[in-house]
Each structure stands twice: as structure tokens, then as C-alpha cells.
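Report on the following structure.
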Amino acid sequence: MRTQVGIIGAGPAGLLLAQLLAVRGIDSVVLENRSRDYVQARIRAGILEQGTVDVLTGAGVGERLHREGLRHDGIYLQYPGHRQHLDFPGLCGRSVWAYGQTEVVKDLIGARLAAGQQIEFEISGTALHDLETDRPRVTYADSAGVQQVLECDVVAGCDGFHGPSRPMLPAALQQTWVRDYPFAWLGILADVAPSTDELIYAWHPDGFALHSMRSPSVSRLYLQVDPDERLESWSDDRIWSELQHRMAFEGWQLQTGPITDRSITPMRSFVSAPMRHGRLFLAGDAAHIVPPTGAKGLNLAVADVTVLCEALTELLAHGRAGLADTYSGTALRRVWRATHFSWWMTSMLHASGDDFEAQLQLSQLRYVTSSPSAAQSLAENYTGLPLR
Ligand SMILES: Cc1cc2nc3c(=O)[nH]c(=O)nc-3n(C[C@H](O)[C@H](O)[C@H](O)COP(=O)(O)OP(=O)(O)OC[C@H]3O[C@@H](n4cnc5c(N)ncnc54)[C@H](O)[C@@H]3O)c2cc1C
């Protein structure tokens, strides 16, 4: 097989890159080792920056998002006895949208298949070759177990944190930065109407809690737990009563309902540079991950492929390499801003057991909820700085 861009990974980064390239007449093949059902059901992120919504809309996959997504004009920051709303449009002129990553992925897969373009699901043995030439190849076994070779002009490594693309960078040329946090998030999906109109980020001495939502009838909630915590230790009753306890606020009641999904996610910051080697370009979680506190993971993947699509269009349609050469530096500037913001939100909101740190966190929360300029800085970063 031959294509212009071989895309490894049918997550948000790979699927959106394929869609953006198709709009510009650039041919691609998407290779994914999981099944279609699996990638469409993988519960992950759910908050889209305004810029992400604009990119999805421009790529022709915003119709259901505009119909079903919930526009949020702010968040609540809470610490015991206080709950303060930050008004994003008033602070920075932008909003965010609650719309699940599962839905973004369904929309992108639906659009691609409806246009007759290729996604190979359930492949195995993905391997990358000849990346330092202008004829790189990807080899794999297709879903029937038949060995295949995909010849391309460029390979886009959109295969997430554990995929095979990033390890192809020569160790001597690669630099990585890692921060493992001493806590994790226990996340649940529940069939119950959200008890709040906008997300509540709650600081509590016993640990952080977050009330988010996916739709008018589905709530998403999180509890800070230890990284080695076991899901089996958390009955439904224990989860709901701990959420009630950490999010308690006078006159407010948390509604409970059947829990339909639960998982524990460790929290880590990770950046790998450069994001390009020869004809291999990395995007999304393949190159960086952030703790979910700033709601940036999915949005960064979208920002990367937006920049990458322009670079590849210049390279493949017009033979101009300038944007491809600057891709890594351009993407990494935004990656580091989001990495800082995600670290900052995480540091402000999670209990470490250290009372000095707790007092600093409370001081910071009082500052952000009372100073318009501090609130504006949070709002600007949360809603996403302009893509360009
Ligand atoms: C468990 C979890 C929970 C998260 N929760 C949140 C959250 O609550 N809020 C938030 O903002 N962000 C969250 N994130 C982050 C966000 O979901 C990611 O940043 C986002 O998925 C990045 O998209 P991506 O396309 O770069 O990577 P992915 O979505 O990881 O997609 C990579 C794709 O590559 C495929 N792949 C891997 N290896 C191969 C291979 N060898 N061959 C072919 N295909 C391969 C994978 O199956 C996958 O489909 C979460 C992430 C995880 C892992």
C-alpha cells in the first residue's frame, strides 16, 4: 500500500490529523491496534477548549458537538466554606465545552468512514522503518493476520504514551522530562443528572474532588486517591459518601446514581523532545502527557495536529519544508505552557499531608477567587491560549 501520510493511532490526534489532511486533499491511512468499538468506548477526557471546538467545526465534525455539547462559561473553585464561580467570558472572552472524548472519536471515525477513507483497526506488530529517508514504511499484520507494508512520504506517530513511535527517536537526540505525582484520580461515570451547572474543583484536607459531567443525564466525578489504591476497596457507597464529604457545601446536595464506569488513573507530567525525527512527526500523548487537572491532554493533541497539518500540507502539496522544520519547536512552546498550567492546578488543589503546603494552597485559592488578574490568568489558560 502507498499513501502520503501513514498515521499510527486512531485516538483524537490521529483521527483529527487524518480529517484535517483530507480537507486539504492530502491522502492518509490510519492504523490502529484496537477495535473500533474499543476506541469509541474508551472513557477519558471531556472538556474542550474554545480553540478545539473551532478546529473540529472547521474540519466538518462539529455538528453533533454543537447540538449535544454543553457550553461552560466558567468553573467553581471550592475550599471548605467557600465556593466561588469564575466567569470565563467576563475574564477572557472565551468558554469551554463539555463533550466526551468518546463522542469526538465517534464523530471523527464516522466522518472518515462515510467519506470512504481508510482506517485499519485491530492491526498488530506495528513497526516503523527508514524514517531518515523520504520513503519511510510501516509494517504490520492486518486484522486477518496478513503481513502488510505501508509506504508513505511521512509517518505521523499519534500512538499515545505506550506506542512504538517515540522509541524510534535515537536516544542520543531525545530529551525527556518526567514528574510523577504522589496521587491518582479515581474517576466514575454515573447515570445521574449533574448536581451543578459547571465543574466544581474542590480542595479538601482529605483530598481533592471534582464534579464534571458528560451530558444533562451523565455525571463524571473524581476523587484524589493514593497511586497504589485498589478499585476493589471502593464500593459505590464509599465513593458517593467520600464525594459528599469532600464537596460538602451549605445548601447544596450531591445527587447519586448508578455508576457505569470506574477507573484509577495515575498522574504524571511527561515531555519528550524533539517531536520530529527525519520523516517521523509525533503528536499528542505520544510526545507528552499532563495530569488531567487542567483538562489539557485532549486539547494539546488537537493543537499539535492543527500545527502539524499545516506543516505537512506545505511539505507534501507545495514542497516547502519550513513549517515541518519548525513544527517541533512551535508545538513544544504550547506543550510547556499547558504542562506548567496543569502542574500549577494540580499543585494548588491536591492534598499532600503537609500542613505548610495546605496553607499555601488555601492562600492561593483565596487569591485566585478574589483577585481579577489572578482569576484572569487561570481563565486564559483553562480556556486555551490562541492556537497561533
Ligand atoms: C486513562 C486516561 C484517562 C484520561 N482522562 C483524562 C481526563 O479526564 N481529562 C483530560 O483532559 N485528559 C484525560 N486523559 C488524557 C487524554 O485522554 C489524552 O491526552 C488523549 O487521549 C490524547 O490523544 P492521543 O490521540 O494523542 O492519544 P490516545 O488517545 O492515547 O490515542 C493513541 C492511539 O494509538 C493506538 N495505538 C497504540 N499503540 C499502537 C500500535 N502499536 N499500533 C497502532 N495503534 C496503536 C491506541 O490504541 C490509541 O487508539 C486521560 C488519559 C488516559 C490514558
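Counting starts at 1 for both ligands and their atoms, in listed order.
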Which bit of [X] is near ligand 1, meaning a heavy atom under 4.0 Å away: side chain, backbone, both or neither?
{"X": "His162", "value": "neither"}
{"X": "Leu31", "value": "backbone"}
{"X": "Tyr140", "value": "neither"}
{"X": "Thr126", "value": "side chain"}
{"X": "Ser263", "value": "neither"}
{"X": "Arg44", "value": "both"}

Please determine if [X] and [Y] form a salt bridge, counting it only when a charged side-chain N lies under 4.0 Å from a carboxylate O.
{"X": "Glu232", "Y": "Arg230", "answer": "yes"}
{"X": "Asp73", "Y": "Arg71", "answer": "yes"}
{"X": "Arg246", "Y": "Glu242", "answer": "yes"}

>> Please verify the inter-ring angle class for Trp343 with His340; under 30° counts as parallel, over 60° as perpendicular, anything in between as tilted.
In response: tilted

>> Once you measure the plane-to-plane angle for His350 and Trp185, does it fall in the parallel (<30°), tilted (30-60°) or perpendicular (>60°) bin?
In response: parallel

>> Tell me the nearest of Asp285, Leu128, Asn33 to atom 38 (N) of ligand 1, using heavy-atom distances.
In response: Asn33

> Does Trp252 have Arg83 sitting over its ring (NZ/CZ under 6.0 Å from centre, angle to axis within 45°)?
Replying inline: yes

>> Is it the case that ligand 1 has an N or O less than 3.5 angstrom from some N or O of Gly46?
In response: no

